[in-house]
Amino acid sequence: MIRGLKAPSFMDLALQAAENAGKSGEVPIGCVVVRDNEIVATAGNRTLTDHDPTAHAEIVALREAAKKIGSERLVDCDLYVTLEPCTMCAGAISFARVRRLYYGAADPKGGAVESGVRFFASPTCHHAPDVYSGVGESEAARLLREFFRERR
């Protein structure tokens with residue numbers, strides 16, 4: 001949990017999902033989809049668990065949210081994720097028409113929002129959400145550093 005907050009924030013819940021993913025041996029990335037200030041979906045990375053290279057936290061959460069809402073368009077939804085989305089996830093966020101994207105740690109190597117290809121700034125991008133970076137950044141970065149340090 002992020003220190004100093006009285007009640008868990010949506011990013012706190014994404015960090016919790018990331019921590020749970022890490023305990024399962026997955027890269028510790030977590031995601032929460034919110035609509036009308038209520039949680040619609042929560043997920044952690046599941047690529048190893050599901051033997052699915054597309055089972056990033058964002059994709060899993062977007063799929064769950066779309067099923068619950070009954071539409072592939074998540075126009076009134078906000079997405080909180082602990083790491084800057086990759087190109088695949090940025091594409092899915094765009095196609096889902098997510099309203100706002102909040103992410104924690106930047107990913108200079110694999111990120112595609114403010115790093116790398118900057119997907120949402122591309123002229124071929126159909127929809128770009130409002131983007132807020134650095135939310136829960138230190139905690140998200142700590143989880144990733146500890147996870148990879150243990151594996152070296």
Side-chain angles (χ1 to χ4, degrees), residues 2 8-22 24-145 147-148:
I2 299 172
S9 69
F10 295 126
M11 185 56 82
D12 285 328
L13 298 173
L15 287 163
Q16 206 168 50
E19 192 169 349
N20 291 340
S24 298
E26 300 280 356
V27 174
I29 300 170
C31 182
V32 174
V33 177
V34 177
R35 182 181 184 194
D36 297 329
N37 217 28
E38 292 188 20
I39 296 169
V40 178
T42 304
N45 265 10
R46 296 186 52 88
T47 58
L48 300 173
T49 304
D50 294 355
H51 305 290
D52 179 356
T54 69
H56 290 195
E58 300 95 308
I59 301 295
V60 175
L62 287 169
R63 286 176 179 157
E64 183 182 330
K67 282 182 186 175
K68 284 185 180 175
I69 290 171
S71 175
E72 74 284 3
R73 304 276 192 219
L74 305 176
V75 294
D76 297 327
C77 293
D78 300 332
L79 188 142
Y80 295 77
V81 64
T82 57
L83 184 67
E84 178 181 3
C86 69
T87 307
M88 174 183 69
C89 293
I93 289 165
S94 175
F95 284 122
R97 307 296 197 266
V98 168
R99 178 178 53 187
R100 293 184 199 103
L101 166 65
Y102 299 86
Y103 73 84
D107 186 359
K109 185 175 179 183
V113 176
E114 294 177 334
S115 304
V117 300
R118 297 178 178 248
F119 183 83
F120 299 131
S122 169
T124 58
C125 178
H126 295 284
H127 167 79
D130 295 333
V131 175
Y132 303 89
S133 60
V135 180
E137 180 177 18
S138 60
E139 186 68 13
R142 182 193 64 76
L143 283 173
L144 288 161
R145 270 193 315 274
F147 177 83
F148 288 112

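Side-chain atoms are counted along with the backbone in the values below, which use heavy atoms only and exclude waters and symmetry mates. In this text, all values refer to a predicted model and were calculated from it rather than measured experimentally.
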Do R99 and V75 have side chains that get closer than 4.5 Å, going by heavy atoms? no

Looking only at the side chains, is there a donor atom on one of E26 and T49 sitting less than 3.5 Å from an acceptor on the other? yes

Are any non-hydrogen side-chain atoms of C89 and I59 less than 4.5 angstrom apart? yes

For R100 and D78, the nearest pair of non-hydrogen atoms, with its separation, is NH1-OD2, 3.1 Å

Test of understanding: with side-chain hydrogen bond (donor to acceptor under 3.5 Å, both in side chains), list the residues that count as partners of R118, not counting sequence neighbours. none

Side chains of L74 and R35 in contact at under 4.5 Å (non-hydrogen atoms): no

Given side chain to side chain contact (heavy atoms under 4.5 Å, CB included), test H56 with I29 step by step and report yes or no. CA-CA 8 Å; H56 290 195; I29 300 170; over 6 Å; no

The salt bridge (charged side-chain N to carboxylate O under 4.0 Å, His left out) partners of D76 (sequence neighbours excluded) come to none

Do the side chains of E64 and K67 get close enough for a salt bridge, i.e. N-O under 4.0 angstrom? no

Nearest heavy-atom approach of V81 to M11 is O-CE, 3.3 Å

When rounded to the nearest 0.5 Å, the distance separating OG1 of T42 from CG of L13 is 6.5 Å

Which atom names give the shortest non-hydrogen contact between S133 and E114, and what distance separates them? OG-OE1, 3.2 Å

Please tell me if the side chains of L62 and V98 come closer than 4.5 Å, counting only heavy atoms from C-beta onward. yes

Do T82 and L143 have side-chain heavy atoms sitting under 4.5 Å apart? no

Determine the minimum heavy-atom distance between A65 and A41, stating which atoms define it. N-CB, 3.7 Å

Shortest non-hydrogen separation from L83 to A106 and the atoms involved: CD1-O, 3.8 Å

Less than 4.5 Å apart, side chain to side chain, heavy atoms only: is that true for L79 and P129? no

Atom of A105, atom of A141 and distance for their closest heavy-atom approach: CB-N, 4.1 Å

Let me confirm one number: the CG-CZ distance from L101 to F120, rounded to the nearest 0.5 Å. 5.5 Å

Not counting sequence neighbours, which residues clear ring-ring contact (aromatic ring centres under 6.0 Å, His included) with Y132? List them please. Y102

